[in-house]
Every structure is written in C-alpha cells, then in structure tokens.
Amino acid sequence: MKKLVITFCGALSCLFLFNITAKAQCSGNVLFAENFGGSPATPLTGTRLAPGITTYSFDSLGLINDGEYGIRKTTADIATGNSQYPSWHVGTDRSGGNMMIVNADFTAGKFYETRVSNLCSGSQLYFSAWAANLIRLGSNDPLDPVLRFEISSAVSGTVLANFITPAIPRFSSFTWTQYGFNFSLPAGENSVILRIFNNQPGGQGNDLCLDDIEFTLCGPAINPVVNGTYQNNNTTCTGTSVSFAGNVASGFYLNPTYQWQFNDGTGWVNIPAATTPNYTLNNAQLNNSGSYRLLVAESGNINSTNCRAVSPLIPLTVFAPVTPVLQSNQPVCEKDTLRISTTTSALQYMWKKSTVSYPVDNDTLQLLNVMVADGGIYSLDVVTNGGCSSSASIAVAVRSNQLQRTIPADTMLCDAQTLSVNAQQPLATMYLWNDGSTAPLRMLTDTRTYTLLTSDGVCKRTDSFAITRNFTPSVYLGNDTTLCFNEPLTLVATHPLADAYLWSTNSSDSSISVTTAGTYTVAVGNACGVAIDDIVIDFKDCADMIFVPNAFTPNKDRLNDVLYAKAFFQVDEFKFNIYNRFGQMIFSTNSVLTGWNGNINNQQAPTGLYTWTIQYKRNNKIYQQKGTVLVIH
C-alpha cells in the first residue's frame with residue numbers, strides 16, 4: 001500500500017483520503033451504504049439505531065446531551081429551530097435525509113459498531129464516511145472530534161484496517177468532511193465488523209455529525225486497447241481479425257479471473273472461451289458490431305455484479321464492402337468533357353484506366369478536351385467504412401466529330417438578291433439557328449450574322465457566316481453643255497456605293513476638270529455592277545477683252561488667294577506680266593491657267609497696288625491690255 005493524504009475543501013465539504021493504493025479504481029460499485037434514512041418528505045427526526053450498534057442513549061426530540069445521539073435532519077433544536085447549544089452550528093444532512101448527531105460521552109470510546117456483510121471476498125475495498133464538527137469556529141470549547149475507524153474480520157476478528165483521523169476541523173459555517181481508506185478482504189470472507197471510536201473525552205466540545213458510511217469495491221485499472229481496426233477508429237471490415245488487449249493492472253487479486261462480454265444492444269452476454277486478459281475476434285461479421293468489455297474479479301466473484309471490475313466499453317462496428325455504382329455521360333464527342341461518377345459514398349477513391357492512375361480522390365472523374373483514344377474501360381477502387389475495399393469498372397466511348405461545315409462563307413448580296421442555304425448533311429439529326437429556326441434549308445434575305453448549331457446526338461458543331469447587302473451605284477453627269485472659253489468645269493461622278501471610276505480620259509478619280517470640248521464618258525462600279533454615263537462639252541467666245549480682278553487677298557484662306565487673267569474666248573498666244581511700284585517685273589506667265597499667288601521670291605508681297613500688262617493674239621491679231629491690282633492681306 002502507498003499512503004497519502006489529499007484534502008479538498010470548499011464552502012460546504014472537505015475530502016480526506018487515506019491509504020489509497022496508487023493503481024486502484026475505487027469509484028465503482030457501492031457494496032454497503034448507511035445514510036440513516038429519511039428524505040425531504042419525512043419528519044425531522046428518525047428512529048433509533050438497531051440494538052447493538054451504539055451504547056449511546058437515543059434522544060428523539062429534545063436536546064442531545066453528553067453520551068446521547070439523535071437521528072435527525074437538522075442539528076437545530078426541534079422545538080425552536082435555534083442552536084441546541086451556543087457553540088453548535090445549525091446544519092443539515094448532506095442530501096436532505098437524516099444524519100447521526102453525536103454529543104460525545106465524557107469518556108472516550110466506541111460509539112458505533114455494525115456488521116457489514118455481502119462484501120467481495122479476496123478483493124480490495126474502500127471505506128468512507130462523512131463527518132462534521134458541530135463546534136463553531138471561534139468557540140471557546142477546547143475539544144475537536146478525533147475519530148478512529150476500525151475494520152475487523154467477522155470470521156477471525158483480525159483487525160484488517162485501523163485509522164485515526166486528525167482533529168476534524170472547525171469552520172465558520174456547518175461543513176461536511178469525508179474520510180476514507182483502502183483495505184483488503186481475505187479470500188473466502190465476505191463480512192467485516194466496522195467500529196467507530198471517539199478518541200476525545202466529551203464535556204467541552206468534541207461533538208459531531210456522521211453520515212453516508214460506504215464500502216466500495218476497488219478494482220485494478222483497466223485500459224483496454226483494440227488493434228486491427230481501420231485507422232484505429234473502432235471500425236473494421238468483414239473477414240478481418242480484431243484483437244482486444246485488456247491491459248489490466250496487476251496486484252489486486254490473488255487469483256484473478258477474466259471474462260470478455262459483448263452487447264449488440266440487447267444486453268451483455270459472455271463470449272464463450274474469452275477468459276483471458278486478451279481476446280481476438282477472427283473473421284469479423286456484421287453481427288459482431290456492438291460493444292465489448294472485460295470483467296475482472298477474484299476467483300469465484302466473476303459472476304457477482306458487485307464484486308467485479310469492469311473495463312471501459314470498446315465500441316466496434318463491422319462493415320461489409322460496398323461495390324461502387326458507376327455512371328457516365330458517355331458517349332461523348334472528342335474535345336468535350338467526359339464525366340464518370342459514383343453514387344457510392346467512400347472514404348477513399350482511386351480512378352484508373354488500365355495502368356494509368358488519376359490524382360482524383362473524390363466521387364467524380366472529369367476529363368476535359370478528350371480525344372478518341374480516351375475511350376475505353378475505366379475502373380474505380382474505393383475504401384468504404386471500416387476500411388473495406390471494393391472496385392467496379394465502366395466502358396465509355398469517345399466519338400470522333402464527323403460533322404462538316406455546310407453553310408457558306410460570308411456573303412454579300414446585290415440589289416434584291418436572296419441567298420439559298422442548304423445545311424443538310426447525312427450525320428446530322430438536329431439543326432438550330434440563332435434566330436430560332438430548326439430548318440436545314442433556308443432562303444435568307446436579312447443582313448446579319450447567322451449561326452448554326454448542328455448535332456448528331458453526341459457531337460456538335462457551330463458555324464457562322466454574315467450576310468451583307470450592296471447596290472449597283474448610279475451616275476449622272478448632267479445634260480450636254482456649252483461653256484465660255486477658259487470657263488472652268490468639273491465633272492463629278494461620285495457615288496457612296498462606288499468602289500471604282502474610269503473616265504474616257506483614263507482618269508480613275510471620282511471627278512475630272514474639263515478644259516477642252518469633247519464627249520466625256522465615265523463608268524462607275526462596285527462588286528454589284530457598273531453604271532455608265534456621258535456628256536458633250538463645247539466652248540464658245542463669250543467676251544472681247546480679258547478680265548483681271550482689281551484686287552485679291554492671298555492670305556491662304558482658299559478664297560480669292562490667286563490672281564488669274566480670265567479670257568472667255570479663244571486665245572492663240574498669251575503673256576501676263578505683273579510689276580511693282582518700282583517697275584520691276586515680279587511675275588510672268590504664258591498660260592491663262594496660271595495665276596499669281598501674291599509671292600515675290602517666295603515671300604509674301606507687301607500690301608499695295610501693282611501694275612499688270614497682258615499681250616495676246618486672237619484671230620491672228622495682237623492685242624494689249626494694262627491695269628492695276630490691289631494686294632490685300
């Protein structure tokens with residue numbers, strides 16, 4: 001035995017433990033209990049103890065004097081509810097029942113003796129009792145109770161255990177303190193004699209209350225361990241072996257016996273031949289699911305419910321393998337997504353195709369942008385509850401996309417043209433246009449982008465084309481025209497839909513300037529067609545003199561920036577000179593189509609009046625003109 005003293009104190013109770021075996025578990029079966037009866041519903045006083053238990057006199061209702069005891073719910077005066085003595089507490093039983101109130105005799109000695117039977121032979125037991133000091137903290141009464149507990153063999157009288165408490169402490173309020181210790185009962189004996197002595201004389205204190213005397217079975221520490229379960233989680237698969245190790249502390253029984261039990265929910269039953277500290281369950285089956293425990297007792301006590309130690313329960317659940325159910329979206333088309341999944345819940349998943357494993361540990365295998373070669377047999381290995389392993393396989397097909405483009409490329413329609421489209425192809429079973437039509441044959445006129453989804457039930461194809469519309473351009477050069485000589489004329493054939501122009505002069509511009517008489521023809525065209533028109537231009541004499549403006553503004557605003565000499569008749573020879581105020585010639589030209597831009601040696605001419613002269617030949621006769629022009633900036 002390893003002796004120690006542990007004290008726990010609170011507001012209402014303290015606990016003192018003595019002679020506790022280090023490995024003992026003494027919180028199990030209560031074999032004997034004396035709480036002196038009573039309940040919250042019973043009277044304040046109980047009946048006297050059975051003959052032979054105490055030599056003290058019994059007092060039922062009055063003051064409890066030296067050498068007397070009472071069985072009551074309260075230490076108070078029954079008549080008044082006040083303290084029986086000034087030094088006494090007013091207190092109650094621990095659980096609302098009765099307690100034994102003892103006013104110690106003047107002579108120290110035994111005040112309680114009883115025979116305790118039906119204990120467990122050859123076992124270690126734990127004795128405990130609760131006591132309270134009736135003397136208030138601060139009272140002048142000098143004596144505090146000191147108790148001696150003695151346990152003897154009922155057969156031989158041999159003292160099996162003997163313990164003297166320290167002085168039971170005083171408190172400011174009524175406080176219970178528990179005392180206890182271990183002892184061993186000899187083999188073959190199941191009864192003891194309990195004696196409680198008051199080791200202090202009475203008369204000046206030494207008054208106490210006693211309650212809840214118990215004998216409890218102590219057993220060895222049992223720490224069972226199970227091996228062979230899946231990831232040590234107390235589950236396993238059918239067909240496996242599971243071993244249980246009791247791990248029972250030694251030294252508690254002279255001749256220990258063991259029994260493993262099983263409970264499937266209907267009650268505990270002994271497992272046949274499982275009578276050693278260890279047990280192995282071979283070839284586990286579903287009906288082996290339940291709870292297991294180990295019973296340990298001294299030889300002869302294993303079937304006594306109160307005389308055996310019981311291990312903590314060991315739960316075990318046995319599962320059967322579950323074959324996974326596979327499903328797939330196959331057949332799928334190449335470049336689509338292949339999905340294979342299982343509705344079976346599992347702890348682990350391993351997807352494979354032949355020798356190729358996929359790093360996917362969930363219930364769905366998803367392969368993107370598959371090829372035809374990705375078709376074949378796929379398998380799934382699963383680990384389900386209990387570590388059960390099973391597998392299943394499924395064949396999937398990946399189809400080559402044989403659908404073709406059957407719609408035209410982007411198309412431009414001219415004028416009132418329509419487009420006939422035949423999208424039919426042998427493999428297609430469905431056509432869906434983006435305008436909602438499902439017809440493979442279409443007559444289209446609207447300008448827009450058309451998209452066609454074609455499907456053969458597995459593969460799909462989407463193609464698009466755009467329809468635009470243009471119109472043949474038109475051109476009109478106007479009526480035939482007669483102009484004055486040197487009068488400017490621009491023929492314009494511009495049209496917003498035209499892509500090209502071709503004049504009879506070989507010009508490809510949208511307009512031309514006409515200076516000579518003749519017939520002018522233009523062709524205007526685009527991808528939709530060509531329009532042609534012509535015009536006849538003639539010139540005649542319209543004046544007798546050449547006209548020169550008397551002012552111009554060469555400020556580059558494109559309005560009257562150039563000074564021209566205008567001859568509205570046929571001129572055979574022509575010379576136009578301009579002079580500054582010093583008589584210096586600053587400009588000269590031989591063409592009526594060339595004018596002065598207002599610059600002198602590439603510098604802007606100063607504002608002012610300039611002189612001009614013209615000499616020209618008309619009908620073989622020479623003419624001269626002279627004048628001035630004002631340059632304005």
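Remember, it's a predicted structure, so these values are computed and weren't measured experimentally.
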Minimum heavy-atom separation for [X] and [Y], please, with both atom names.
X    : Y    : answer
D93  : S95  : OD2-N, 2.8 Å
Y126 : C218 : CB-SG, 3.4 Å
T344 : V325 : OG1-N, 3.1 Å
H89  : I135 : NE2-O, 3.7 Å
V383 : S389 : CG2-OG, 4.0 Å

Any sub-3.5 Å donor-acceptor pair from [X]'s side-chain atoms to [Y]'s backbone N or O?
X    : Y    : answer
K353 : S379 : no
S156 : S153 : no
D77  : G81  : no
Q200 : A104 : no
N133 : I168 : yes
R308 : I302 : yes
Q178 : A129 : no
N98  : F36  : yes
N29  : T305 : yes
S289 : V318 : yes

* Evaluate the ring planes of Y56 and F111, with Trp represented by its six-membered ring, and classify them as parallel (under 30°), tilted (30 to 60°) or perpendicular (over 60°). =>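 The rings of Y56 and F111 sit tilted, inter-plane angle from 30° to 60°.
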* To do: Give the ring-plane orientation class for W260 versus F244, where under 30° counts as parallel, over 60° as perpendicular and anything between as tilted.
  => tilted
* Please say whether the positively charged group of R148, taken as NZ for Lys or CZ for Arg, lies over the ring of F197, i.e. under 6.0 angstrom from the six-membered ring centre and within 45 degrees of the axis. => yes
* Asked: Taking the six-membered ring of W268, is NZ or CZ of R293 closer than 6.0 Å to its centre and within 45° of its axis?
  -> yes
* Asked: Between N306 and S304, does a side-chain hydrogen bond (donor to acceptor under 3.5 Å, both in side chains) hold up when you go through it step by step?
  -> CA-CA 5 Å; N306 292 329; S304 173; 5.7 Å; no
Side-chain donor-acceptor contact under 3.5 Å, [X] with [Y]:
X    : Y    : value
N206 : D144 : no
N103 : E68  : no
Y258 : N278 : no
D211 : W176 : no
N362 : T364 : no
D363 : T342 : no
R136 : S83  : yes

* To do: Begin with the C-alpha distance, continue with both residues' side-chain angles, and end with the deciding distance and a verdict on side-chain hydrogen bond (donor to acceptor under 3.5 Å, both in side chains) for Q261 and N270.
  => CA-CA 4 Å; Q261 290 188 321; N270 293 339; 2.8 Å; yes
* Asked: Would you call E298 and T257 a side-chain contact if the rule is heavy atoms closer than 4.5 Å?
  ->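 Answer no - side chains too far apart.
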* For residues I64 and Q84, determine if any side-chain heavy atom of one lies less than 4.5 Å from a side-chain heavy atom of the other. =>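 A side-chain contact exists here, since the closest heavy-atom pair is under 4.5 Å.
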* **Qualifying residue for side-chain contact (heavy atoms from CB on, under 4.5 Å) with F215, from V116, N118, L185** =>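 For F215, the side-chain contact (heavy atoms from CB on, under 4.5 Å) check succeeds only for V116.
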* Asked: Are the aromatic rings of F127 and F149 close, with centres under 6.0 Å apart?
  ->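 Yes - the distance between ring centres of F127 and F149 falls below the 6.0 Å cut-off.
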* To do: Sequence neighbours left out, what passes side-chain hydrogen bond (donor to acceptor under 3.5 Å, both in side chains) with N283? Give chain and number order.
  =>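 N283: side-chain hydrogen bond (donor to acceptor under 3.5 Å, both in side chains) contacts with Q285.
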* Salt bridge or not for R170 and D141, using N-O below 4.0 Å? ->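 No salt bridge links R170 with D141.
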